[in-house]
Amino acid sequence: MKKVQTVITSISSNDEIDTEKIIQVNFFNDIDQNDIRKTKWLLNKYTDLVDVIKNYEYSLQQIENGMSAYDLLSAEGSVAKRVSGQELTADVTANAILLKDQRHVNYKFYQFLTNNIKFAINNMRDKHEGLIAKLLFLDGMKYLKAQQYLEKGYRKDIPPISATTFADKRRRVIVNIANSLKTNRTLDFVTIDYGRGRNKEGEIGLRMPEVN
């Protein structure tokens, strides 16, 4: 796996402060600031990865139902463009090969990433932390809405918590997920590039598998 796909990200001062606070509540000796940054980035990409997985599965279903390669590419539109990283052309055969080869590798890779994230979240022992992780990362709920959800105690089996407690538990959630993703080596596939021409915080991306 040599090819590195870098996705540019901007780091706000609020995000830096949040990362520092997460480090302060860190109780794993081998988790550092870069691990936290990688974890937060990957969690924020979770719903995007799920969308790509679902689109790919839909594409396979359409092929099984007899849709032609041309019709399939037309139906996918921007999805095929986003995954391939190239403009769509009239070369349907080339794009169909991409669908069969590189996109299948990406599909399996994204499944690997999302399954590991779900495993880390589903195995949280603290009920509040498990629910916070589900709402924020698996469901993609906005921070304020999730905080209000727990503050008002909509779940009868989980007592309500204050906004301050919510913020503290969210930080613990990220630390726990970071530890899980580092232990199973998922974070090895997330890169921070500090190379020439990059911003000082570095640019975060995925180390993608290649089709041989």
Side-chain angles (χ1 to χ4, degrees), residues 7-28 31 33-58 78-79 82-83 106-107 109-184 186-187 189-190 192 201 204-206:
V7 181
I8 297 174
T9 59
S10 58
I11 308 298
S12 67
S13 59
N14 288 337
D15 190 59
E16 290 178 345
I17 293 171
D18 181 60
T19 299
E20 290 174 3
K21 289 182 178 180
I22 292 172
I23 289 294
Q24 290 171 8
V25 302
N26 177 29
F27 33 83
F28 297 104
I31 299 296
Q33 185 172 10
N34 280 344
D35 295 325
I36 297 299
R37 286 186 59 198
K38 289 179 179 181
T39 300
K40 290 171 68 176
W41 182 86
L42 197 53
L43 289 172
N44 288 332
K45 293 293 181 182
Y46 176 84
T47 54
D48 292 334
L49 296 177
V50 170
D51 285 344
V52 174
I53 289 171
K54 289 180 179 179
N55 277 305
Y56 181 80
E57 291 174 346
Y58 172 79
S78 61
V79 175
R82 178 174 63 179
V83 175
N106 291 351
Y107 167 72
F109 179 53
Y110 293 163
Q111 276 192 323
F112 163 79
L113 295 175
T114 55
N115 285 340
N116 286 350
I117 292 172
K118 284 188 291 186
F119 177 83
I121 291 175
N122 291 335
N123 282 275
M124 288 188 175
R125 296 181 179 179
D126 185 288
K127 289 186 177 181
H128 288 106
E129 293 176 10
L131 180 56
I132 289 170
K134 178 182 182 300
L135 293 177
L136 289 177
F137 307 123
L138 298 188
D139 298 345
M141 186 179 289
K142 297 295 185 181
Y143 180 97
L144 183 58
K145 187 175 180 179
Q147 178 248 299
Q148 291 173 343
Y149 184 93
L150 273 88
E151 190 173 31
K152 294 180 179 179
Y154 288 117
R155 284 276 298 270
K156 293 181 179 180
D157 58 325
I158 301 179
I161 57 175
S162 67
T164 302
T165 302
F166 178 91
D168 179 62
K169 285 186 175 291
R170 171 189 161 276
R171 296 184 186 109
R172 291 176 179 273
V173 161
I174 294 174
V175 169
N176 278 300
I177 295 175
N179 180 64
S180 178
L181 296 183
K182 186 163 187 176
T183 299
N184 61 30
T186 303
L187 293 185
F189 295 98
V190 185
I192 302 180
E201 293 86 8
I204 305 181
L206 290 174

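Below, each value reflects all heavy atoms present in this structure, side chains not excepted, and no hydrogens, waters or symmetry copies. Please read these numbers as outputs of a predicted model, since none were measured by experiment. Count residues from 1 along the sequence.
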- Decide yes or no for Y110 and D51: does some side-chain heavy atom of the first lie under 4.5 Å from some side-chain heavy atom of the second? no

- For L135 and D139 the tightest heavy-atom approach is O-CB, 3.5 Å

- Query: Is there a donor-acceptor contact under 3.5 Å from the side chain of D168 to the main chain of T164?
  - Reply: no

- Task: Kindly say whether the aromatic ring centers of F109 and F189 come within a distance under 6.0 Å.
- Result: yes

- Gap separating the OG1 atom of T39 from the CG atom of L181, nearest 0.5 angstrom: 5.5 Å

- Check I121 against K134 and note the closest heavy-atom contact, atom names and distance. CG2-N, 4.1 Å

- What distance separates L150 CG from E129 CD, expressed to the nearest 0.5 Å? 11.0 Å

- Item | Point-to-point distance, once rounded to the nearest 0.5 Å, from NE2 of H128 to CD1 of I161 | 5.0 Å

- Query: Given side chains that start at C-beta, do those of K118 and Y46 come closer than 4.5 Å, heavy atoms only?
  - Reply: yes

- Message: Less than 4.5 Å apart, side chain to side chain, heavy atoms only: is that true for Y154 and L131?
- Response: no

- Query: If you look at every heavy atom in D35 and A178, which pair is closest and at what distance?
  - Reply: O-CB, 4.4 Å

- Query: Hey, are the side chains of L42 and T186 touching, using non-hydrogen atoms and a 4.5 Å cut-off?
  - Reply: yes

- Query: Minimum heavy-atom separation for M124 to A133, with atom names?
  - Reply: SD-CB, 4.1 Å

- Query: Can you check whether Y56 reaches N106 side chain to side chain, under 4.5 Å on heavy atoms?
  - Reply: no

- Could you state the interatomic distance from CD1 (I31) to CG (N176), rounded to the nearest 0.5 Å? 9.5 Å

- Between F137 and V173, the two heavy atoms sitting closest are CE1-CG1, 4.0 Å

- Taking 4.0 angstrom as the limit, do R172 and D126 come out as a salt bridge? no

- Note on the structure: Value for CD1 (I117) from CZ (F112), rounded to nearest 0.5 Å, stands at 10.0 Å

- Task: Please examine the side chains of D18 and K40, heavy atoms only from C-beta on, and report whether any two atoms are closer than 4.5 Å.
- Result: yes

- Note on the structure: Here the pair of heavy atoms bringing L136 nearest to Y143 is CD2-CA, 3.7 Å

- When rounded to the nearest 0.5 Å, the distance separating CZ of R37 from CD of E16 is 8.0 Å

- Query: side-chain contact (heavy atoms from CB on, under 4.5 Å) between K54 and Y58: does it pass, once the steps are laid out?
  - Reply: CA-CA 6 Å; K54 289 180 179 179; Y58 172 79; over 6 Å; no

